Amino acid sequence: MSGKIDMADPKSGTIVLVTGAGGYIGSHACLALLEAGYTVVALDNMVNCWKDERLSQPESLIRVQILAGRQLRFYQAELLCKTSLEQIFKEIIQEFGKIDVCMHFAALKAVGESCSKPLQYYKNNISGTINLIETLAKFGCKSLIYSSSATVYGDPATLPIRENDPTGINLTNPYGKTKYMTEEILKDLSNAEPDWGVVSLRYFNPVGAHSSGLIGEDPNGIPNNLVPFVAQVAAGKLPSLKVFGGDYPTKDGTGVRDYIHITDLIDGHVKALEFILKEFKGFKTYNLGTGKGYSVLEVIRAFKAASRREIPYEIVGRRPGDIAASYCDASLAQQELGWVATRDIDDMCRDVWNWQSRNINGFKKETDPNCLLHSPKKLELLLSNLTKLEHQKAGRKLHLETIDAIDEAKLLQDYEALQKLQKVLKENEVRRLEGKQPASGQENVSLPFCCCRQ
Ligand SMILES: O=c1ccn([C@@H]2O[C@H](COP(=O)(O)OP(=O)(O)O[C@H]3O[C@H](CO)[C@@H](O)[C@H](O)[C@H]3O)[C@@H](O)[C@H]2O)c(=O)[nH]1
């Protein structure tokens with residue numbers, strides 16, 4: 001076999017359950033976990049992710065598996081339905097024997113929507129999490145990495161924000177309150193049951209995309225957040241940006257935030273996972289940010305340079321609920337997890353532009369019949385063959401769907417096609433970083449998902 005799938009890595013025996021796996025942060029986490037050699041079981045209710053109707057998984061996760069050259073196990077799962085959740089956990093335990101750690105990303109996250117639909121947010125984010133932790137405990141997993149937010153600090157009295165600064169004060173929206181309340185629930189749980197290990201990661205402003213440009217943030221409708229909005233203005237999808245407030249007590253009067261590259265953010269999760277796997281028990285919180293604040297005008301300038309496009313904007317009134325400035329002291333994560341963010345605002349804008357310009361409609365793509373990976377049948381076969389091989393090599397009991405004999409020749413053929421594609425993707429990524437065009441004749445192979453190229 002010319003491209004061996006390496007199952008010797010002991011991490012493949014570590015089972016990581018990822019909720020909200022199809023979303024922006026969840027999908028990048030799945031990729032990093034697969035690349036690091038972990039076995040990934042991915043859950044998503046698919047309410048907020050795009051899926052080709054002929055496939056059973058979100059498009060983001062299909063691309064993740066192609067990039068990783070490894071397979072994850074996907075379940076469509078609704079955390080609010082405990083009976084079906086337990087059924088899924090039963091299947092996971094039958095197949096993998098255990099769950100070591102859960103990374104919990106599943107949540108509703110639109111600040112504005114949370115004000116008009118508070119019950120939906122409390123139910124989904126809090127009841128959903130309670131169902132999840134009860135089910136995890138029932139099936140023997142008491143290790144959790146929670147996706148929290150800088151929003152728990154409200155309007156900070158001092159900057160930079162540290163982990164022991166007050167939380168839960170003056171929170172302006174139900175979304176933020178769900179993050180704060182969930183942290184409190186997890187803290188109480190860890191106090192009451194000392195065999196739980198919970199790490200809550202407080203994200204500042206995650207932006208950016210994987211350097212391949214194949215996965216990134218794909219907001220529904222008009223984006224609420226600054227960077228995806230700016231990206232759509234640069235791409236000509238939106239006419240201009242409204243800068244909310246030019247009279248804040250900041251360097252140039254516009255809001256200041258601690259933007260963090262998604263790849264750095266996910267590295268922080270991998271470090272937290274390593275930390276929790278060393279038998280950590282209790283409850284810990286860490287800020288994940290760069291420690292640097294950029295104003296809205298600085299972000300616009302950086303994006304203009306990265307995209308070489310005009311970004312028309314006008315300064316309007318403040319957005320209700322916004323604060324002037326937020327940036328963190330991330331030294332605790334450096335000391336205790338050995339993590340530090342290394343990418344700057346130019347890297348973030350470059351990678352967002354790469355994702356945005358290659359995927360003008362996000363994950364929704366037009367089907368190219370000539371592309372192997374746009375053929376759902378071939379793709380399903382490729383992924384299912386990879387699963388069979390991984391299970392077989394790991395000496396695991398096969399799941400009911402995978403008991404057919406493996407067609408070794410077909411598998412190798414598919415796997416080699418996948419590897420060729422990955423090789424070209426990587427070569428073209430290097431060329432792009434050097435400011436060069438894709439190698440001639442490779443454009444279609446290198447950009448199999450795009451429906452619009454700039
Ligand atoms: O069209 C826009 C959108 C945003 N902004 C400004 O850009 C900055 C960043 O805004 P945004 O990207 O919406 O992020 P935040 O308001 O900081 O909120 C994000 O970061 C919080 C953590 O700090 C999370 O809780 C929220 O879910 C997440 O949306 C703020 O000064 C906004 O006023 C604009 O000027 N115009």
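Here the structure is a predicted model, which is why all the values come from computation and not from measurement. First listed ligand is number 1; within each ligand, the first listed atom is number 1.
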Problem set entry | For R301, all residues meeting salt bridge (charged side-chain N to carboxylate O under 4.0 Å, His left out), sequence neighbours excluded |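 Applying salt bridge (charged side-chain N to carboxylate O under 4.0 Å, His left out) to R301 gives none.
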Any sub-3.5 Å donor-acceptor pair from [X]'s side-chain atoms to [Y]'s backbone N or O?
{"X": "S60", "Y": "G23", "value": "no"}
{"X": "W339", "Y": "D264", "value": "yes"}
{"X": "K179", "Y": "S147", "value": "yes"}
{"X": "R70", "Y": "Y38", "value": "yes"}

For this session: On the 0 to 90° scale, with breaks at 30° and 60°, tag the Y121-Y175 ring pair as parallel, tilted or perpendicular.
Result: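 Answer is perpendicular, since the angle exceeds 60°.
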Under 4.0 Å to a heavy atom of [X] - the qualifying atoms of ligand 1, by number:
{"X": "R257", "answer": "9 (C), 15 (P), 17 (O), 30 (C), 31 (O)"}
{"X": "T151", "answer": "22 (C), 25 (O)"}
{"X": "V243", "answer": "35 (O)"}
{"X": "S149", "answer": "22 (C), 24 (C), 25 (O)"}
{"X": "Y175", "answer": "25 (O), 27 (O)"}
{"X": "A150", "answer": "22 (C), 23 (O)"}
{"X": "N224", "answer": "3 (C), 13 (O)"}

If you have a sec, work out which protein heavy atom is nearest [atom] and how many Å separate them, to one decimal?
{"atom": "atom 28 (C) of ligand 1", "value": "N225 ND2, 3.8 Å"}
{"atom": "atom 33 (O) of ligand 1", "value": "D322 OD2, 2.5 Å"}
{"atom": "atom 8 (C) of ligand 1", "value": "Y259 OH, 3.6 Å"}
{"atom": "atom 5 (N) of ligand 1", "value": "F244 CD1, 3.7 Å"}

For this session: Taking the six-membered ring for Trp and the single ring otherwise, decide whether the centroids of H28 and F105 are under 6.0 Å apart.
Result: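 Between H28 and F105, the centre distance exceeds or equals 6.0 Å.
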Problem set entry | Aromatic ring proximity, centroids under 6.0 angstrom, Y259 and Y294 |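 Ring-ring flag for Y294/Y259: false, centres at least 6.0 Å apart.
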Problem set entry | Y248 heavy atom under 4.0 Å from ligand 1 |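 Under 4.0 Å: no for Y248.
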Exercise. Within the structure, does R319 bring an N/O atom to less than 3.5 angstrom of an N/O atom in ligand 1?
Worked result: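 Yes: some nitrogen or oxygen of R319 is under 3.5 Å from one in ligand 1.
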Problem set entry | Y203 N/O under 3.5 Å from ligand 1 N/O |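 Min N/O separation from ligand 1 is not below 3.5 Å for Y203.
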For this session: Count the heavy atoms of every other residue, nucleotide or ligand shown that sit under 6.0 Å from OH of Y313, and state whether that count exceeds 12.
Result: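 No, the 6.0 Å shell around OH holds no more than 12 heavy atoms from other groups.
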Exercise. Any idea which part of K242 is under 4.0 Å from ligand 1, heavy-atom wise: side chain, backbone, both or neither?
Worked result: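 The part of K242 near ligand 1 is the backbone, not the side chain.
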For this session: Among residues two or more places apart or on two chains, list those pairs meeting side chain to side chain donor-acceptor pair (under 3.5 Å) that have a residue in residues 218-245.
Result: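 Matches after skipping sequence neighbours: N48-N220.
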Problem set entry | Closest to atom 12 (O) of ligand 1 (judged by heavy-atom distance), picking from V296, L226, N205 |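 Heavy atom nearest to atom 12 (O) of ligand 1 belongs to L226.
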